[in-house]
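As a basis for the values below, the full set of heavy atoms in this structure was taken, side chains included, without hydrogen atoms, waters or symmetry mates. Whatever order the structure lists them in is the order used to number ligands and atoms, beginning at 1.
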Amino acid sequence: MGSISTAAQAVARIAYFSSDVILSVQPSLQVDSQFYKQFKRLRESNARSIVSKGVPEVWAIRYNEDPLLSAFHPLHSGSIVSITTASSILLTSIPHLYHLANHPIVIHVALEPSPFPDFSVVSSIRQCGFAFLHSETLQEAQDIALTAHALALKSGKGVIHFFDPTNSKHDDPISIEDIDVVKKVLDLDGTRVSHTTTAGPSTLYAEIGRLATITEERVERPLERETVALSTAISPQSKEAFNTGSDDSSVGSSGRDSSSDLHVASSSATTVDAASVRPVNAGDIFDWTAHIWGLLSKTVGRSYRAIEYTGAEDAKFAIFIFGSTGVFVDVFADPNRANEFEGIGIVTARLYRPWIGGQISRMIPSSIERIAVLEQVRSTTRWGPSFLDLLSSLTRSGGAASVPRLVGYRLGYVESSTAVQALRGIFQNLKSPSPIQNLEIGSHRDFTSQISLERPQIENAYTKILNQLFGDRLYIANQLGSQHAGISATTAASPEYGFGSLIARMEHRERFIHEVGEISKCGNFATEIPKNWLSRWVSHARNTSISNSLAPDVIARLTMDGSKAAKQLLDAKKLFFKESQWLIGSDAWAYDLGNSGVHHVLASGADVNMLIIDSQPYSERLAGDPTRRKKDIGLYAMNFGNAYVASVAVYGSYTQVLQAMAEADLFEGPSVVVAYLPYNKENDSALTVLQETKKAVDLGYWPLYRWNPGNDDGSEPKFSLDSERIKRELEEFLRRDNQMTQLMKRDPDFSSHLAGSYGTEVRVLQKRKAKDTYEKLLEGLFGAPLTILFASDNGNAQDIAKRLGNRGRARGLKTMVMAMDDYPIEDLATEENVVFVTSTAGQGEFPQNGRAFWEVVRTSGDLDLSSINYSVFGLGDSHYWPRKEDKIYYNKPSKDLDARISFLGGGKLTDIGLGDDQDPDAFQTGYAEWEPRLWQSLGVDKVEGVLEEPPPLTNEDIKLQSNYLRGTIAEGLLDESTGAISASDQQLTKFHGTYMQDDRDLRDERKAQGLEPAYSFMIRCRLPGGVASPSQWLQMDAISGAHGNETMKLTTRQTFQFHGVVKGKLRSAMRAINKALMTTIAACGDVNRNVMCSSLPEFSAYHREVYAISQRISDHLLPSTAAYYEIWLKDDEDNKVQVGGDAVQDYEPLYGTTYLPRKFKITIAIPPHNDTDVYAHDIGLIAIKGHDGHLEGFNVLAGGGMGVTHNNKKTYPRTGSMLGFVPTNQAHVVCEKIMLVQRDHGDRKNRKHARLKYTIDDMGLDVFKSKVEDLLPEGLRFAAARPFKFISNIDTFGWQQDEKGLNHFTFFIENGRVEDTANFPMRTGLRELAKLGKGEFRLTGNQHLTLSNIEDGDLPVVKSLMTQYKLGNTSFTGLRLSSSACVAFPTCGLAMAESERYLPILITKLESTLEENGLAQESIVMRMTGCPNGCARPWLAEVAFVGKAYGAYNMYLGGGYHGQRLNKLYRSSIKEDEILEIMKGLLKRYALERKGDGETPERFGDWCIRAGVIKETTEGKAFHEEVAEEEADE
Ligand code: SF4
């Protein structure tokens, strides 16, 4: 049998077994309370509650979320509820306590603070109607907890069990509860009270119309005050007690101090049923408690009484303690003190409320003459409640002669070392002829100050922004941790307190303004100058910006003046500045208990700013208790009309937060900024907060807006809706709403369809309509019906379904093809023939557009499919999950569906067909075998004359038919009904430098709401060599703010990329980029892309020469179509240029009508830096310096490339092969000819085999080289490659000086993301630097940034800005500095796993290992991508992670440190735990085993090979050979 060592443990276990629902109230969700730990353990072991017979629900609720409010919902639904909490929440919960008291709820209260708890909190709430039980020892905690639950069940009323956890800290462990005893005591089958609804407002119980009542066994005479108590089944003792006077007894609910409740109860009873039903009263509680204790005594042998006395039976003196008894008990139990304290008893109240006064005199010996009453009393009260309880009870119960004399003491903190002394003092006074009342015992420091409140770290995001914005001017009235004399932390954090203190502060300044006004008129200054300044200041003192700008001048003049009057004012010089005054609160203020403070501020009209942080996660908004009434503070405040109101989200729009806070500060009147920061636990990662925020903002749950009633003149709108997407949807809604209104007038029936939510009713209608239309279309056809339903993520399953549909139709079948989720599932049972085609998503999941369908099929118990015939075809990859145990994921959705449909009665047309990516023809192999079987089963396999359907549209067709990249892009941009463009235009816009994407963080949620995905566009600039002027930087920054998502991505191809540009803003963004003298043409697509060039900060002149060549190549290879200009740039009036049609025929001399087979990439590296990864591109040029120090020419590499498909061994990464040396002025020609050979020989059938690397490997390097040379001008041939040496492929951070003495600083921009966060306003800082107009901005191939060409004279101002914005920090671990990641989630459609958002987190988790092993400064090149497309060039890293599925990565090792060698697969599909374990092990070994002196240590990638961890990859074709983990082949 286990044992229990803490009171919280004992109590939690009893609560767990005795409840359906438990609310665990705790200061934060990050750290489990003592109670909660137990609950968790019990839940994990699947322990069942005795009352519910199931595993009880346990809800963790933060103390500041109005926690007791959560009890009502489960109580109203009939659940048995208990609460575990610390005592700090009790006072603020008083309103709820009164209501809860009439429910069978138990609240276990651990008294705080430790080690000297405050019992006065309990006496303060003693009248709330609960019964109160007190336990002291560990064993008592268990027994009394059980008593509390049994009593609550029996009485139907609330019971509070309170205890001091430290009191029993040193008790010996006890046995865990005996479940049989618990069952017996709880007596679940015993009689219970009933609850009656009454209308009478006579008690606070009755306020909610609920009253615990008891049915009398026999009808008594009409109920009268005294007789009620006696008529219950009360014990002889208590009956006797009540006989002595009803005022001795109280249930304590009336709000008056003791003794009147019996009366209240009886008068209420008359309203219920005077004959047989009456409210539960104190006597009942007493009786039942005694009964429960009787049972306990019988079963476990431990006895308890309402009032307990220990000590001699002939004692003359006693102490009554309302507080922790531990230290006193220890003294009395000490045999050495036996003599000193002989003849003294201790009295405690085990049942503290209802107070059964008559029990006192029964329980204490009649010999007692004097009682010392020790209790914690707040200094506002002269007599303590216990003193008054005893006084009233003893005087009435005994008669004058025998009444013991009471002497009250104020009990402070008594430590064990001073307990004897304290007791001596007590008894000396007690025994003296005239004892002093209210003597203080122990120390009386402020016991409330120890209750600690902490604002979760995560919430600091907003305070940091306030600090950034207002600096020294910021004053937070209720700042946690600041000193407020005599005020508890809880009170100091409340809006009421903060508001009061702000008012006092404002009044203080008003007095100062008045004083300055007076002095400015008649002050005795040395000169007249201060007076003028002072009077100017006074007239603007309430205006934030003017008074603050005048303040320094005024102070300077006063300082200069030096007179006494000036000095006097200078004593309070801070008051010359107007503060930005804020109150900061949580969404707890949106509940009733906190709302009054908000109301005060608004109603006052005072110039106070409130920042209210709401942390409820979006995904939990519906899961919560529907009866919790959280008010929409924003709406509430706007209704006031006089307040500035903004709704912001720091992870939604940082700029909008800044704007709102600045506007709130300037607004003269109350301002309310409600700020969203959703989290489940205080230690949630920023990524979780970001994803929750995005959902909430995107779907309108948390709209971003600003309401400024001060904008009266009409120049600015009063209300600004800042949420971009809902703005568009709102407009659309209003437009539609307008149409609907018209429609409803004409057709009233239609309106009922609109009553439901858009996401349900309308969606159902849409499905129905789509199917009906389809059926109509099929009406004219003969033949058997065939319904084909698909679920598809990447389009393959959809293509198969459509093709199958076409072929079926050609065979005379009536085919209908739909996505599973678009199909009205209620029709399924009525179908004749159904074919399901599904691919496999994630870890064996259904694709997005089949999930809802599958959910119904999977869970529906009454779906009868016995009349349908069906077959399933599935697509999967048998090698996707290499481990044996993961094989079940292969084609899981199709197999599951097949089994389920069969289970539901479906008859098979033919067995399931499985397409496997690993088959020779990929899924086609399985399909070719399955389809004929299907036709055969339908009897249409022998149909004659079936026409071959046209081949599917390929990228080559799209290019060919596009009229030089026009397609229907222009028309698509004008279509406002969707945020998307057509599929073929999506391919074509790539050539223009923009992709359509959708926000994958929002996909599921938007689909669930019946909305199209959150489409937006990525725009990529073309920026040869990555060099931008400061003004271009500023323009790029402005574009990201005005058109994009307020961030810029500096890419691995040294250019700017913008994300989140919605269709409506696409054209203006393109125009803005071109206005900045940049372009986006050919930044993506099957053309030559941005040409890269080493950033080379240390040699400016040489860099210029090489950079010029990158520009020349870029210009030389630009497509020449005019479509770009027509679509994006022409003026609206420019009618001369035709966009659509083919009137204007372009000519593409280099590319022709079909451009290149695939993308084409060129880079230049300047040794010794390979910072552009020269081996990874179709063409890599290695700059060769001549003896004269100038650029002489280039060694040319060809056939590098990164893209791979997982598990497809026909695809592989490749490093470029050396062709030889060419002179500088011919470099662009050589590049052109290489590109032309690829244009004509590249594979245009299979895009996975279309890159130059495969062309070269297929034809052989020599053949390829000769083909290029055939095209070169006569006399130009590849010469022998010149010697060169690379030392690294990473950037050199920090300051460097070049040969001309110019300065260059390379910033660390983690993964190239330029953005502002609360911790690091990087974007703002770089913008400020650009505003200086100095030097140039060079984007590096590692996604960092160099501020170049800064002259010495400009250094101070540059450095000062860098310090101000923390931009100069490059002291990160070598691993972090050498890392890079691609974008991946949420925007990249190909991403299988996180990359940019995850790599920094992973590195953080490795950094302690690096430190421990002395590797913190070592550069190890680590890269991550979200898919094998390889945008961050992972295959060249020493260690790389490539996304396989969400949260799972393939790990590669052994890349060359300067990018010269490919790495190799080490592990497949591993998750974070494994990654960390492997990496930590390898890093430890590397630290120990690496060779080399300090200067040139053996690199990690090299070590991995030497140590035999991984085999070396010698060339691209050998990439899949001898991998460390062969994928299981079964
Ligand atoms: S590597 Fe893959 S996931 Fe990453 S950005 Fe490129 S395509 Fe997207």
| query | Would you call R1423 and E1438 a salt bridge, taking side-chain N to carboxylate O under 4.0 Å as the test? | reply |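 No, R1423 and E1438 are not salt-bridged.
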| Cationic N near anionic O, under 4.0 Å, R1006 to D998 |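 Judged by the 4.0 Å cut-off on N to carboxylate O distance, R1006 and D998 do not form a salt bridge.
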Distance under 4.0 Å to a non-hydrogen atom of [X]: what atoms of ligand 1 satisfy this?
X	result
G1430	1 (S)
L1390	7 (S)
G1426	3 (S), 4 (Fe)

| task | Check whether any N, O or S atom of C1427 sits under 2.8 Å from atom 8 (Fe) of ligand 1. | result | no
| task | Tell me whether the centres of the aromatic rings in Y1155 and F991 are closer together than 6.0 Å. | result | yes
Note the single closest protein heavy atom to [atom], along with its residue, its atom name and the distance in Å.
atom	value
atom 1 (S) of ligand 1	C1431 N, 3.3 Å
atom 8 (Fe) of ligand 1	C1388 SG, 2.2 Å
atom 4 (Fe) of ligand 1	C1382 SG, 2.2 Å

| query | Does S1395 come within less than 4.0 Å of ligand 1, judged by its heavy atoms? | reply | no
| field | The single option from K1161, R1239, R1247, K1159 passing salt bridge (Lys or Arg N to Asp or Glu O under 4.0 Å) against D1086 | value |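 Of K1161, R1239, R1247, K1159, salt bridge (Lys or Arg N to Asp or Glu O under 4.0 Å) with D1086 is met by R1247 alone.
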| field | Rounded distance [0.5 Å steps], CD1 in I1234 versus CG in N1088 | value | 11.0 Å
| said: Strictly distance-based, threshold 3.5 Å: is any side-chain N or O of T1172 a donor or acceptor partner for the main-chain N or O of S1094? | reply: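 Flag not set: sc T1172 to bb S1094 has no pair under 3.5 Å.
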| task | For the pair R1323 (side chain) and D1316 (backbone), establish whether a donor and an acceptor sit closer than 3.5 Å, ignoring hydrogens and angles. | result |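 No: the side chain of R1323 does not pair with the backbone of D1316.
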| Heavy atom under 4.0 Å from ligand 1: found in A1391's side chain, backbone, both, or neither? |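 Both of them.
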